[in-house]
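What follows is a single structure, written as structure tokens, with notes after it.
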Amino acid sequence: GLAGGLRSLARSLPDLELQLELYDGRLPEHIELALYRIAQECVQNIQKHARASSAQLRFSVRDGVARLEASDDGIGFDISSGTPLGRPDGYGLHSMAERAELVGGQLHMMSRPGSGTTVVATVPLTPDPNGKGP
């Protein structure tokens, strides 16, 4: 399941202190895969760009919504610039947002220079009246 995959991801990162808070239940496979790929991209971004000494990865399910949150204590960036740390492409951010949208969810990012970054993906687990969701 997703929790096991996230634990394995954390073990593969010896250079980063990654604290985990994980829901152990199962979700539909396509949602677990999307959330895992988002977590992978978040962790890669933290390793490559954030200059963080620690990070947290949280996965929870409450009130019919799956929530994945990755946060770090790194250098952060100005969200209004559209791309982190002066990177010209921002492809990874667009990829994460697309993955969340493909399973009926949303991606939100919060960051400020000098204050770290938090990325939150939320996915409703029941279809909404507009036909979105699993």
Side-chain angles (χ1 to χ4, degrees):
L2 180 57
L6 295 175
R7 283 186 196 97
S8 178
L9 178 63
R11 283 191 301 270
S12 73
L13 307 166
D15 299 338
L16 179 66
E17 179 187 328
L18 186 59
Q19 301 167 358
L20 302 174
E21 294 177 27
L22 305 174
Y23 168 77
D24 273 323
R26 295 297 308 260
L27 302 179
E29 187 176 337
H30 67 289
I31 294 175
E32 287 189 340
L33 179 59
L35 291 175
Y36 179 79
R37 295 294 184 206
I38 291 168
Q40 247 184 340
E41 182 68 29
C42 285
V43 169
Q44 287 175 351
N45 286 344
I46 291 168
Q47 281 192 297
K48 289 180 185 177
H49 308 293
R51 298 186 212 151
S53 60
S54 69
Q56 297 80 40
L57 193 56
R58 296 178 186 93
F59 167 54
S60 62
V61 174
R62 188 171 36 230
D63 298 326
V65 176
R67 176 184 168 96
L68 176 72
E69 178 179 322
S71 58
D72 66 65
D73 65 354
I75 61 173
F77 66 97
D78 180 4
I79 293 238
S80 66
S81 73
T83 57
L85 308 167
R87 291 179 63 212
D89 57 23
Y91 174 75
L93 300 179
H94 295 295
S95 160
M96 289 189 293
E98 242 177 38
R99 286 185 189 278
E101 289 170 11
L102 284 172
V103 292
Q106 296 181 340
L107 188 82
H108 299 282
M109 183 173 306
M110 296 144 289
S111 187
R112 287 186 320 183
S115 295
T117 300
T118 299
V119 175
V120 178
T122 55
V123 179
L125 299 176
T126 56
D128 73 18
N130 298 322
K132 292 193 173 191

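This structure is a prediction, so every number in the text was calculated from the model and none was measured. Numbers here simply count residues along the sequence, with the first being 1.
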_Set of residues satisfying side chain to side chain contact (heavy atoms under 4.5 Å, CB included) with respect to L20, sequence neighbours excluded_ = R7, A10, L18, L22, L57
*By ring pair (Phe, Tyr, Trp, His ring centres under 6.0 Å), which residues pair with Y36, not counting sequence neighbours?*
none
*Go through the structure and list residues passing side chain to side chain contact (heavy atoms under 4.5 Å, CB included) with Q56, not counting sequence neighbours.*
Q19, S54, R58, S71
*Check whether any side-chain N or O of S111 sits under 3.5 Å from a backbone N or O of F77 as a donor-acceptor pair, and report yes or no.*
yes
_Sidechain-backbone polar pair: D73 side chain, S53 backbone, donor-acceptor under 3.5 Å_ = yes
*asked:* Hydrophobic cluster membership, with links at side-chain heavy-atom distances under 4.5 Å among I/L/V/M/F/W/Y: are L102 and M109 in one?
replied: no
*Could I get the full list of salt bridge (charged side-chain N to carboxylate O under 4.0 Å, His left out) partners for R67, not counting sequence neighbours?*
E69
*Are L9 and V120 in one and the same hydrophobic cluster, where Ile, Leu, Val, Met, Phe, Trp and Tyr link if side-chain heavy atoms are under 4.5 Å apart?*
no
*asked:* Can you tell me how far apart CG (L107) and CG (L93) are? Round to the nearest 0.5 Å.
replied: 8.0 Å
*Any residue meeting salt bridge (charged side-chain N to carboxylate O under 4.0 Å, His left out) with R26, in chain and number order, not counting sequence neighbours*: E32
*asked:* If hydrophobic clusters are built by linking Ile, Leu, Val, Met, Phe, Trp and Tyr wherever their side-chain heavy atoms come under 4.5 Å apart, do L33 and V65 end up in the same one?
replied: no
*What pairs with Q106 under side chain to side chain contact (heavy atoms under 4.5 Å, CB included), at least two apart in sequence or on another chain?*
H108, T122
